[in-house]
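Input: a single structure, listed below in structure tokens.
Predicted model, so just to flag it, every value in this text is computed and none were measured. Below, chain A is the first sequence line, B the second, and so on; all start at residue 1. The basis for the numbers below is simple: all heavy atoms, side chains too, and nothing from hydrogens, waters or symmetry mates.
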Amino acid sequence: MSGETTSAPSNFIRQIIEKDLQAGKHATIHTRFPPEPNGYLHIGHAKSIVLNFGIAEDFPGSCNLRFDDTNPAKEEEEFVEAIKEDVVWLGYAWSELRFASDYFEQLYEFAVELIESGKAFVCDLTPEQVRDYRGTLTEPGRESPYRDRPVAENLDLFRRMRAGEFVDGTRTLRARIDMAAPNINMRDPTLYRIRHGLIHHQTGAEWCIYPMYDYTHPISDALEGITHSLCTLEFEDHRPLYDWVLDNITIGCHPRQIEFARLNLEYTVMSKRKLTQLVQEKRVYGWDDPRMPTIAGLRRRGYTPESIRRFCEAIGVTKAEGTVEMGVLENSLRGHLDAAAPRRMAVLDPLKVVITNFPADATETLQAGNHPKDESLGTRELLLTREIYIDRADFREQANKKYKRLVLDGEVRLRNAYVIRCNEVIKDGAGNIIELRCAYDADTLGRNPEGRKVRGVIHWVSATLGKKAEVRLYDRLFKSPEPGRTHDFHQDINPDSLRVLQDCVVEPSLAEGRVDERFQFEREGYFCLDSIDSRPGLPVFNRIVSLRDSWGKKADE
RNA sequence: UGGGGCGUAGCUCAAUUGGCAGAGCGACGGACUCUGACUCCGUAGGUUGUAGGUUCGAUCCCUACCGCCCCAGCCA
């Protein structure tokens, strides 16, 4: 499934890079995407991926995938693999695959250098004391009593920290910067902490001290020759520390950190903490639940990599934080699939129609184009029989003139087939409509009837030859555009985010569908086979997104 | 109340760095149509957060306010 490639729109980061290139600062551009493997990637990460990999593609240059794996308490191999799969699925190839843990030895050596130059010290304060000494937003902090330890003692203590001589929480390595700095990140930040008993997914039990993000990230970037280190806004305060680290060690590279606003999407949550909760509390079926804003969820839902890339380019990159309407994501999929998806017919809420003047045992084979505007997508055969299903919503006993589907004593066209007239409505004892009796006009295949206009077109499937299917309709996971804005986000969970339709009937050609195919069910939306639950005998379709519907919005029912 | 950021149409973003405030999406209306889709045409929508100042001229420069976001993990 391919689409046209449009070049990514410019943004302030690309402009900075262009200027740096013109100024001769760099020969080529190197970026990186640095996820922490403590959860699955979501659509917000996609924004960063498209930005970083997109820049590497366009300038051109390279982009590494680097796992920021400095906290083994939260990280797992499962997430490493899931993240790699997501990046590949989005259509990108990293230049090099790295782990921050690849640099643990070098990180240690740079820490020794900082100690030797008097820029770092081993601190014996407890976590509570450190918090106390740090001061507040408005008051300066106090210097640690261990701040002026002799270099030799610091060296010895740090070596013994590594050797495992001290208990968790008893000592840290701290940068020696300025406890009175108005930027709290500069108040002698922690560089290393002690963590015994953890099995790191990459380094096993080799280390019992782990470096902090603020120390690890700039060095990892520099070691990889990154030219532009792109991150989200909350790290803006950390940039002085990023620069301080690189300015105070012997390293021949100083990447430029540039911050941009993270993505917020209406009617969903994007924080890993909340997504993890949804999974653990079983509010969804897993990280890949089709209602989740994770890449895995969107993939299972049926979103195409192309549509996600389009979306990321459409929303732009700035420093102004905002919330993007869900419709923008949906439209990116519609735009891609309208051009690319073959059309099919599926009846989601079947109502039997007997075509009384159609021979009982006959089957008429009709040719139908797979796409109204693209003949290259070919044609398929439709099987018309005496008994068919139409959607319950496509019939009313009476309706006003704006309603252009089937009414009693009215006509409608069966998509790709004939015009029928409804002559009789059959009801059960309770007054429910259970069947329609219609007659077809044999002279209306591929042409309009003489002397009258039939405005409506509805979809249908043979009742005897159609295949049973389950269809899952998804709605937004939350009822509120900003879940948890003023309260606990659980209160905003939409109880009707999943509707399962068991008795759907689809045209026979859909029985052979493959998981990676997307279809437009005409007049309904875009659908794909569920990759997990679909079975040969009972296909399960996910509705990726409905068709735009300007009718439903107008007050009618 | 310290520090760092951000305020342009309903949403997301532009505006050649001081020269008539635009686009896409959405909304609304219409045309077309064997998908109430797609496509096409059109309309509405703005005190550029507010108030001053500089200037012939300010979204842009200056000042002061206002609002929102982030920061006091041995998380990232």
Side-chain angles (χ1 to χ4, degrees), chain A residues 9-11 34-36 38 68-71 73-75 100 123 125-127 130-132 134-141 168-174 181-187 189-195 209-210 212-214 216-217 231-240 259 261 266 272-273 314-328 331-332 334-335 338-339 343 345 368-369 371-373 402-405 412-419 444-448 454-459 520-525 546-554 556:
Chain A
S10 188
N11 55 55
E36 183 189 15
N38 65 344
D68 227 326
D69 57 346
T70 57
N71 186 3
K74 291 187 177 175
E75 298 152 8
C123 181
L125 256 25
T126 65
V130 169
R131 194 191 319 131
D132 186 45
R134 185 156 32 229
T136 69
L137 295 178
T138 52
E139 304 156 30
D168 287 14
T170 55
R171 283 180 231 262
T172 54
L173 182 73
R174 292 226 261 161
N183 180 348
I184 292 186
N185 294 301
M186 299 301 271
R187 318 239 262 231
T190 303
L191 267 24
Y192 272 88
R193 76 284 210 179
I194 302 171
R195 286 287 177 275
I209 57 172
Y210 290 95
M212 301 289 289
Y213 166 86
D214 281 320
T216 307
H217 207 81
C231 63
T232 42
L233 250 28
E234 67 269 26
F235 292 105
E236 207 150 18
D237 285 348
H238 296 241
R239 192 180 346 122
E259 310 85 11
E266 283 186 346
K272 266 196 213 171
R273 201 192 96 247
I315 58 177
V317 178
T318 66
K319 295 191 69 150
E321 43 205 327
T323 304
V324 176
E325 294 169 337
M326 195 54 102
V328 180
N331 278 333
S332 71
R334 292 188 181 113
D338 175 59
R343 313 283 123 125
M345 290 197 287
H371 196 284
K373 291 184 179 172
K402 283 191 166 180
Y403 184 82
K404 34 189 268 198
R405 285 110 89 169
V412 78
R413 174 174 292 279
L414 296 177
R415 176 73 166 148
N416 293 309
Y418 300 92
V419 169
T444 55
L445 186 62
R447 63 170 149 184
N448 291 323
V454 176
R455 281 199 311 152
V457 181
I458 64 174
H459 58 281
Q520 184 195 101
F521 290 178
E522 290 197 80
R523 306 206 311 129
E524 293 286 357
S546 66
L547 252 31
R548 259 174 72 222
D549 182 10
S550 54
W551 168 254
K553 289 172 191 168
K554 292 171 188 166
D556 175 73

Under 4.0 Å, counting only non-hydrogen atoms across every strand here, what does [X] touch: a base, just sugar-phosphate, or nothing?
X	result
A:R343	base
A:G322	sugar-phosphate
A:T323	sugar-phosphate
A:T190	sugar-phosphate
A:F235	base
A:D68	sugar-phosphate
A:A181	nothing
A:M212	sugar-phosphate
A:D338	sugar-phosphate
A:E236	sugar-phosphate
A:E259	nothing
A:R195	base
A:T318	sugar-phosphate
A:H217	nothing

Checklist line | Working for side chain to side chain contact (heavy atoms under 4.5 Å, CB included), residues A:M212 and A:L191 | finding: CA-CA 5 Å; A:M212 301 289 289; A:L191 267 24; 5.5 Å; no
Kindly say whether [Y] contributes a backbone atom to a donor-acceptor pair with the side chain of [X] at under 3.5 angstrom?
X	Y	value
A:T136	A:T138	yes
A:D69	A:A100	yes
A:T323	A:E266	no
A:N331	A:G327	yes

Does a nitrogen or oxygen in the side chain of [X] sit under 4.0 Å from OP1 or OP2 of [N]?
X	N	value
A:T70	B:C75	no
A:R523	B:G36	yes
A:N11	B:C13	no
A:R134	B:C74	yes
A:R239	B:G4	no
A:R187	B:G2	no
A:R405	B:U35	no
A:T138	B:U1	no
A:S550	B:A37	yes

Per-residue pairing states of RNA chain B in dot-bracket (Watson-Crick or G-U under 3.5 Å; . unpaired, | other strand) read .((((((..((((.....[..)))).(((((.......))))).....(((((..]....))))))))))).....
Side-chain donor or acceptor of [X] under 3.5 Å from a matching atom on the base of [N]?
X	N	value
A:K373	B:C38	yes
A:D237	B:G3	yes
A:E524	B:U35	no

Pairwise [atom1] distance for [N] and [M], with rounding to whole Å:
N	M	atom1	value
B:A58	B:U54	C1'	10 Å
B:A21	B:U48	C1'	8 Å
B:G57	B:G30	P	46 Å
B:U39	B:C34	C1'	16 Å
B:C60	B:U16	C1'	13 Å
B:G19	B:U1	P	36 Å
B:G36	B:C71	P	49 Å
B:U8	B:U12	C1'	12 Å

Item to check | Ionic contact status for A:E236 with A:K319, cut-off 4.0 Å | outcome: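 Yes, this pair counts.
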* Electrostatic pair A:R343:A:D338 at N-O distance under 4.0 angstrom ->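 A salt bridge links A:R343 with A:D338.
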From the set [options], return the single nucleotide nearest to any side-chain atom of [X].
X	options	result
A:K404	B:G36, B:C6, B:G3	B:G36
A:K74	B:G36, B:C75, B:C71	B:C75
A:R415	B:U35, B:C6, B:G10	B:U35
A:T172	B:G10, B:G2, B:C74	B:C74

- Query: Where does B:U12 fall, syn or anti, if syn means a chi angle no more than 90° from 0?
  - Reply: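 The base of B:U12 is oriented anti (glycosidic angle more than 90° from 0).
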Is B:G4 in the syn or the anti form, by the rule that syn lies within 90° of 0?
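Anti, which is what one calls it when the glycosidic angle falls more than 90° from 0.
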- [ ] Assign each of A:V324 and A:L125 to its nearest nucleotide of RNA chain B by heavy atoms, then name whichever residue's nucleotide is nearer the 5' end.
- [x]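 By nearest-heavy-atom nucleotide position, the 5'-most residue is A:V324.
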- Which residue lies toward the 5' end of RNA chain B, A:I315 or A:H371, if each is placed at its nearest nucleotide?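 In this pair, the answer is A:I315.
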Is the A:F235 ring parallel, tilted or perpendicular to the A:Y213 ring (thresholds 30°, 60°)?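 Judged by the thresholds at 30° and 60°, the geometry between A:F235 and A:Y213 is tilted.
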Item to check | Which atom of A:A320 lies closest to which atom of A:A261, heavy atoms considered | outcome: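 Heavy atoms of A:A320 and A:A261 come nearest at O-CB, 3.6 Å.
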If you take all heavy atoms of A:R187 and A:A181, which pair is closest and at what distance?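 Taking A:R187 first and A:A181 second, the nearest heavy atoms are NH1-O, 2.6 Å.
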Please report the distance, rounded to the nearest Å, between CG in A:N331 and P in B:C11.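 Going from CG in A:N331 over to P in B:C11 covers 17 Å.
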Taking CD from A:E139 and P from B:G2, how many angstroms apart are they, rounded to a whole number?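 Roughly 12 Å, once rounded to whole Å.
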